[in-house]
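First up is the structure itself, then whatever we jot down about it.
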Number of protein chains: 2
Amino acid sequence: MTAPRQLVLDAVRALGHATPEQVHVAVGRIAPGVNITTVYRTLELLEELGLVTHTHLSHGAPTYHAADDDQHVHLVCRGCGGIQELPPELLQPLASALRRQHGFLVDIGHVALFGRCGGCGSGEGDE
Amino acid sequence: MTAPRQLVLDAVRALGHATPEQVHVAVGRIAPGVNITTVYRTLELLEELGLVTHTHLSHGAPTYHAADDDQHVHLVCRGCGGIQELPPELLQPLASALRRQHGFLVDIGHVALFGRCGGCGSGEGDE
DNA sequence: CTAGGTGCAAATAGTTTGCAACTAC
DNA sequence: GTAGTTGCAAACTATTTGCACCTAG
């Protein structure tokens, strides 16, 4: 575990959610000169090691979070773009149903649900 | 509704799920020369009109499907990359709970759940 | 010396934009 | 002719790859 790697892991843990670019910025604050390439490579490595995982919230931007972090379900509002985190227990009933009926093991910490939050009843919504 | 637009809509309907590029290829089979740009622009337009919607399955590639198509929940297997479609009723209990408890209106046809399908108990998994 | 890790630049994929040509009223 | 639509090329963003360098054992 080298310095840049530790920094990337720390950044992911500190940020909670972060895109590779956000991680890069965070790391760069402490150790300027760390290349974005290294961030990508390190995130990939950390993911293989099971230390971080990533989820796809909204568009293409993947967000990484530490695996030892609390797992949570994401509610992404298409109106205001806000993201709510909810306890994963909410998914338990669904998860068991899927497992029983379809043999599918849902990765609960990796779920993003799209929709509208209370404040954004309707109207436009860009993702 | 011009010819290219009709073709894009037809392609989305015919393909069921498709990335913009797949739509482009499908359209090109019937009307070569239609530009990928037009596909993107048309998809955007059709989405505004409410005729199609898109979901993010796995990585960045968005998949479009016709809005009048049956809504369905996607189960994306991180092992084999396979995609299962399930009836949206599965989400009803969860959706009502979220609505009641969090005022959040889940877009049920827009859900992708990641995990492992029966055949891919464990092992690697590239998204 | 040897391997792994890193930075840099270039390549690639996916998507968007600017602009001129084209078509339908 | 005016507005909306399209194709093409170029711009952009996000990500990946090739390669030389550097450091630890």
Side-chain angles (χ1 to χ4, degrees), chain A residues 1-12 15 17-49 51-65 76 78 81 112 124-127, chain B residues 1-12 15 17-49 51-65 76 78 81 83 112 114 124-127:
Chain A
M1 180 61 71
T2 64
R5 290 184 180 174
Q6 188 62 54
L7 287 169
V8 167
L9 182 52
D10 289 348
V12 170
L15 293 169
H17 294 109
T19 62
E21 203 178 330
Q22 291 170 326
V23 171
H24 180 217
V25 171
V27 169
R29 250 192 268 289
I30 299 170
V34 172
N35 200 287
I36 182 110
T37 307
T38 301
V39 173
Y40 278 106
R41 284 196 279 229
T42 303
L43 286 171
E44 193 184 345
L45 175 72
L46 293 176
E47 192 155 21
E48 266 170 36
L49 296 177
L51 293 173
V52 307
T53 56
H54 76 277
T55 315
H56 296 284
L57 304 181
S58 79
H59 64 297
T63 58
Y64 286 80
H65 58 99
V76 183
R78 297 163 82 64
E124 77 299 332
D126 171 41
E127 191 88 359
Chain B
M1 179 62 70
T2 64
R5 292 184 177 174
Q6 188 62 55
L7 287 170
V8 168
L9 182 52
D10 289 349
V12 170
L15 293 170
H17 295 108
T19 62
E21 203 180 329
Q22 290 171 327
V23 170
H24 180 216
V25 170
V27 168
R29 250 192 267 292
I30 297 169
V34 172
N35 201 286
I36 183 109
T37 307
T38 302
V39 172
Y40 277 106
R41 283 196 279 229
T42 304
L43 286 172
E44 193 183 345
L45 175 71
L46 293 175
E47 192 155 20
E48 267 170 37
L49 296 177
L51 293 173
V52 307
T53 56
H54 76 277
T55 315
H56 297 283
L57 304 181
S58 78
H59 65 296
T63 57
Y64 285 79
H65 59 98
V76 183
R78 297 162 83 63
I83 295 176
F114 294 83
E124 75 301 332
D126 173 42
E127 190 86 3

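Letters A, B, ... mirror the listed sequences (proteins, then strands); counts begin at 1. If you're wondering where the values come from, they're calculated on a predicted model, not measured in any experiment.
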Checklist entry - Rounding to a whole Å, what distance do you find between A/L43:CG and C/dG5:C1'? => result 15 Å
Item to check | Non-neighbouring partners of B/H24 that pass ring pair (Phe, Tyr, Trp, His ring centres under 6.0 Å), sequence neighbours left out | outcome: none
Next on the checklist: Any heavy-atom pair between the side chains of B/D10 and B/Q6 that's under 4.5 Å?
Outcome noted: yes
Using a 3.5 Å cut-off and no angle test, enumerate the donor-acceptor pairs between side-chain atoms of residues 31-39 of chain A and protein atoms at least two apart in sequence or in another chain.
residue: A/N35; atom: OD1; partner: A/T37; partner atom: N; Å: 2.8
residue: A/N35; atom: OD1; partner: A/T37; partner atom: OG1; Å: 2.9

Item to check | Length of the line joining A/E48:CD and C/dG5:P, which is rounded to integer Å | outcome: 11 Å
Checklist entry - Could you give the OH-to-P distance, from B/Y40 to D/dC12, as a whole number of Å? => result 18 Å
Checklist entry - CD of B/E47 versus P of C/dT15: gap in Å, rounded? => result 12 Å
Checklist entry - Once you round it to whole Å, what is the distance between P of D/dT15 and CD of A/E44? => result 12 Å
Checklist entry - Residues from residues 17-38 of chain B sitting under 4.0 Å of DNA chain C, heavy atoms only? => result B/P20, B/E21, B/T37
Next on the checklist: For A/T63 and A/H54, which I'm curious about, is there any donor-acceptor pair between the side chains at under 3.5 Å?
Outcome noted: no
Checklist entry - Starting at NE2 of A/H56 and ending at P of D/dA14, how long is that distance when rounded to a whole Å? => result 15 Å
Checklist outcome for this item: Smallest heavy-atom separation, A/V27 atom then A/A11 atom, equals CG2-CB, 3.9 Å
Checklist outcome for this item: B/L46 meets the side chain to side chain contact (heavy atoms under 4.5 Å, CB included) criterion, sequence neighbours left out, with B/M1, B/V8, B/L9, B/T42, B/L51, B/V52
Next on the checklist: The criterion is side chain to side chain contact (heavy atoms under 4.5 Å, CB included); which residues satisfy it with A/L45, sequence neighbours excluded?
Outcome noted: A/R5, A/L49
Checklist outcome for this item: Per-nucleotide protein contact along nucleotides 19-25 of chain D, 5' to 3', at a 4.0 Å heavy-atom cut-off (B base, S sugar-phosphate only, - neither), is -------
Checklist entry - How long is the line joining CD of B/Q6 and C1' of D/dT6, in whole Å? => result 17 Å
Checklist entry - Hey, does the side chain of B/Q22 reach the backbone of B/T19 with a donor-acceptor pair shorter than 3.5 angstrom? => result yes
